[in-house]
Amino acid sequence: MKYVIVGNSAAAVGCITGIRKVDPESEITVISYEDKCYSKPMIADVLVDIPEEKLIYRDEGFFRENNVTQILGHKAISVNPKNKVVALDSNELIPYDKLLIATGAKPFVPPIKGSDKKGVFTFTELHSAKAFKDYLKERGAEEVVVIGSGFIGLEVAYFLREIGVKVKVVELLNRVLAKALDERGSQIVEQMLKEKGVEFLFNNTVEEILGENEVSSVKLKSGEVIRADAVVVAIGVRPNTELAQTAGVQVNRGITVDLHQQTSVPDIYAAGDCTECLDITDGQTKPLPLFPLAFEQGFVAGLNMAGKKLEYLGGLPLNSLKFLPTPVLNAGIVEAPDSSYETLVNDQFEKKGFYRKAILKEGRLVGFVAIGEIDRVGILTNLIRQKINVSQVKERLVEPDFGLVDLPQWWREEKLKQDKTAYKDWRAV
């Protein structure tokens, strides 16, 4: 059996781990245009001179111990499912019996006039983050404009302030993290970043990037022109489905897969940010570009590729802003979509430094926001995954000291220990 994996991040590592739990001998080949396996959620840390080895997700020892051949620095450009080969940009053809497409997501860059100038960067890959850092040093950059106030944009803005660079964040909507946090959570995060020195321009967008060959300023939709020595476009990401489309794989917003992570083409699987995933909180299938979910999907794909049948039961959207002085974490649904949902809030942020919010549907927890006190939130994520009725203890959900002791003993023994969506029977760790 010849296994081939295109991609070299969380989904690929999960797939290798899954394959080796079933098939310890067969050949595995990993193809990636990048030169190392690193943690993508950590790339903004390069701005504060974190040692690069701390960004490594799996080192060479992992691949050597799992008998994996790596083809690095080369891009897979097409897949021929009839002949079962992957074509590289070097004209080499790599044969496969089972293929995993784990090509991740690519940054969304809208058509902004002047975006081809030197000094415009995205921030989803290590090489682009390092190039941005080098550019700042070479130019002696003092002011940067960040377009977008999502997780990537805010993290970049925060670390830029850490190194003394002035930052203005331009956001089309009226608050930060508008698609991820509730209004109060956004307000708290915005205030923390303002205290750090980050400036915000809401209800606005960049219409043009000015300068002859290099960025010198940006023109906003409002007509205002502001100085910028560099621009970071951090509006979001979209599934990278280009390789899958060369194989005739069915694609919607992302690559569509079945419960075994198999695509519409036999022997081709997909996992990670390039796919659509079942959101267990609302039952919808959508792109969920999250590092832990990519590992889970890759792990399930690897098991199935090697002959162990296991279904992927969906993922829980979970986000964290641990770089802030006060940790911020949210999961699932954070704003009640309609009156059939129940909302519980405990806002003690100004007095005691914490904010809790829980969203319930038919007595079951479907989402929460936790700011300031996050030590026991793993229990909340477990309750969401297990779809346990928490009506009896719902008022306690928004207390920072909520714990297992609050749950009836039979729940603890029979439910919380049987987390099917954590794949405990075949878990890698």
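Everything numeric in this text was worked out from a predicted model, so none of it was measured. Quick note: numbers below take in every heavy atom, side chains included, and nothing from hydrogens, waters or symmetry partners.
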State, yes or no, whether a side-chain contact exists between [X] and [Y] at a heavy-atom distance under 4.5 Å.
| X | Y | answer |
| --- | --- | --- |
| Leu344 | Lys357 | no |
| Leu383 | Phe402 | yes |
| Ile28 | Ile19 | yes |
| Phe368 | Val398 | no |
| Val30 | Thr69 | no |
| Phe349 | Ile371 | yes |
| Leu100 | Val4 | no |

Indicate yes or no for a side-chain donor-acceptor contact from [X] to the backbone of [Y] under 3.5 Å, with no hydrogens or angles considered.
| X | Y | result |
| --- | --- | --- |
| Thr17 | Val13 | yes |
| Lys133 | Val46 | yes |
| Asp338 | Ser340 | yes |
| Asp258 | Gln262 | yes |
| Thr263 | Ala270 | no |
| Asn304 | Leu310 | yes |
| Asn330 | Ala180 | yes |
| Asn83 | Val85 | no |
| Gln261 | Tyr269 | no |
| Glu276 | Arg253 | yes |

Could you tell me which non-hydrogen atom of [X] sits nearest to which non-hydrogen atom of [Y], and how far apart they are?
| X | Y | result |
| --- | --- | --- |
| Arg364 | Ile388 | CG-O, 3.6 Å |
| Ala141 | Val165 | O-CG2, 4.1 Å |
| Cys37 | Ser9 | SG-CA, 4.4 Å |
| Gln297 | Cys277 | NE2-SG, 3.4 Å |
| Val377 | Arg356 | CG1-NH2, 3.8 Å |
| Val366 | Lys361 | CG1-CB, 3.9 Å |

Give a yes or no on whether a salt bridge exists between [X] and [Y], defined as a side-chain N under 4.0 angstrom from a carboxylate O.
| X | Y | value |
| --- | --- | --- |
| Lys54 | Asp45 | no |
| Lys286 | Asp279 | yes |
| Lys2 | Asp97 | no |
| Lys40 | Asp273 | no |
| Arg396 | Asp406 | yes |

Partner set under salt bridge (charged side-chain N to carboxylate O under 4.0 Å, His left out) for [X], not counting sequence neighbours:
| X | result |
| --- | --- |
| Glu362 | none |
| Glu52 | Lys36, Lys130 |
| Glu190 | Lys194 |
| Glu183 | none |

How far does CD1 of Ile255 sit from CG of Asn240, to the nearest 0.5 angstrom?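 Separation between the atoms: 8.0 Å.
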How many angstroms lie between atom CG of Asn8 and atom OG1 of Thr103, to the nearest 0.5 angstrom?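 It is 13.0 Å, given to the nearest 0.5 Å.
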Just checking [X]: does its [atom1] atom have more than 12 heavy atoms from other residues, nucleotides or ligands closer to it than 6.0 angstrom?
| X | atom1 | result |
| --- | --- | --- |
| Lys309 | NZ | yes |
| Glu25 | CD | no |
| Lys166 | NZ | no |

Applying ring pair (Phe, Tyr, Trp, His ring centres under 6.0 Å), name anything that partners Phe151, two or more places apart in sequence or on another chain.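 Testing Phe151 for ring pair (Phe, Tyr, Trp, His ring centres under 6.0 Å), a comparison that skips the adjacent residues, returns none.
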Sorted by chain and residue number, the ring pair (Phe, Tyr, Trp, His ring centres under 6.0 Å) partners of Tyr33 (sequence neighbours excluded) come out as none
Glu296 side chain to Tyr312 side chain, donor-acceptor N/O pair below 3.5 angstrom: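 Side-chain D/A pair, Glu296 to Tyr312: present.
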Compute whether any side-chain donor of one residue and acceptor of the other, for Gln250 and Ser264, lie under 3.5 angstrom apart. no
Among residues at least two apart in sequence or on other chains, which ones pass side-chain contact (heavy atoms from CB on, under 4.5 Å) with [X]?
| X | value |
| --- | --- |
| Pro110 | Phe108, Ile112, Val233, Ile235 |
| Glu60 | Arg64, Gln70 |
| Leu172 | Thr205 |

Criterion salt bridge (Lys or Arg N to Asp or Glu O under 4.0 Å) on Asp267 and Lys98, from CA distance to verdict: CA-CA 5 Å; Asp267 297 324; Lys98 303 285 184 181; 2.7 Å; yes
Among all residues two or more places apart in sequence or in another chain, which pass the side chain to side chain donor-acceptor pair (under 3.5 Å) test with Lys394? Glu342
List for me each residue that meets side chain to side chain donor-acceptor pair (under 3.5 Å) alongside Arg175, sequence neighbours excluded, and say none if there are none. Ser186
Enumerate the salt bridge (Lys or Arg N to Asp or Glu O under 4.0 Å) contacts for residues 115-125, please, sequence neighbours excluded, ordered by first and then second residue.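 Output for this query is empty, none listed.
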Asp182 and side chain to side chain contact (heavy atoms under 4.5 Å, CB included): which single residue from Val369, Thr343, Ile359, Val345 fits?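 With Asp182 as partner, side chain to side chain contact (heavy atoms under 4.5 Å, CB included) holds for just one option, Val369.
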Suppose we call two aromatic rings close when their centres sit under 6.0 Å apart. Are Tyr3 and Tyr96 close by that rule? no
Ring centroid separation Phe121 to Tyr135 under 6.0 Å: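 Here the rings of Tyr135 and Phe121 have centres that are less than 6.0 Å from each other.
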Given Val169 and Val198, is the side chain to side chain contact (heavy atoms under 4.5 Å, CB included) satisfied, shown in steps? CA-CA 7 Å; Val169 176; Val198 178; 3.7 Å; yes
Starting from the C-alpha separation in whole Å, work towards a yes-or-no answer on side chain to side chain contact (heavy atoms under 4.5 Å, CB included) for Val176 and Phe202. CA-CA 9 Å; Val176 303; Phe202 294 112; 3.8 Å; yes
Taking the inter-plane angle between the rings of Phe291 and Tyr57 on a 0 to 90° scale, is it parallel (under 30°), tilted (30 to 60°) or perpendicular (over 60°)?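 Ring orientation of Phe291 relative to Tyr57: perpendicular.
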Report yes or no: is the cationic atom of Lys196 (NZ for Lys, CZ for Arg) closer than 6.0 Å to the six-membered ring centre of Tyr158, at no more than 45° off its axis? yes
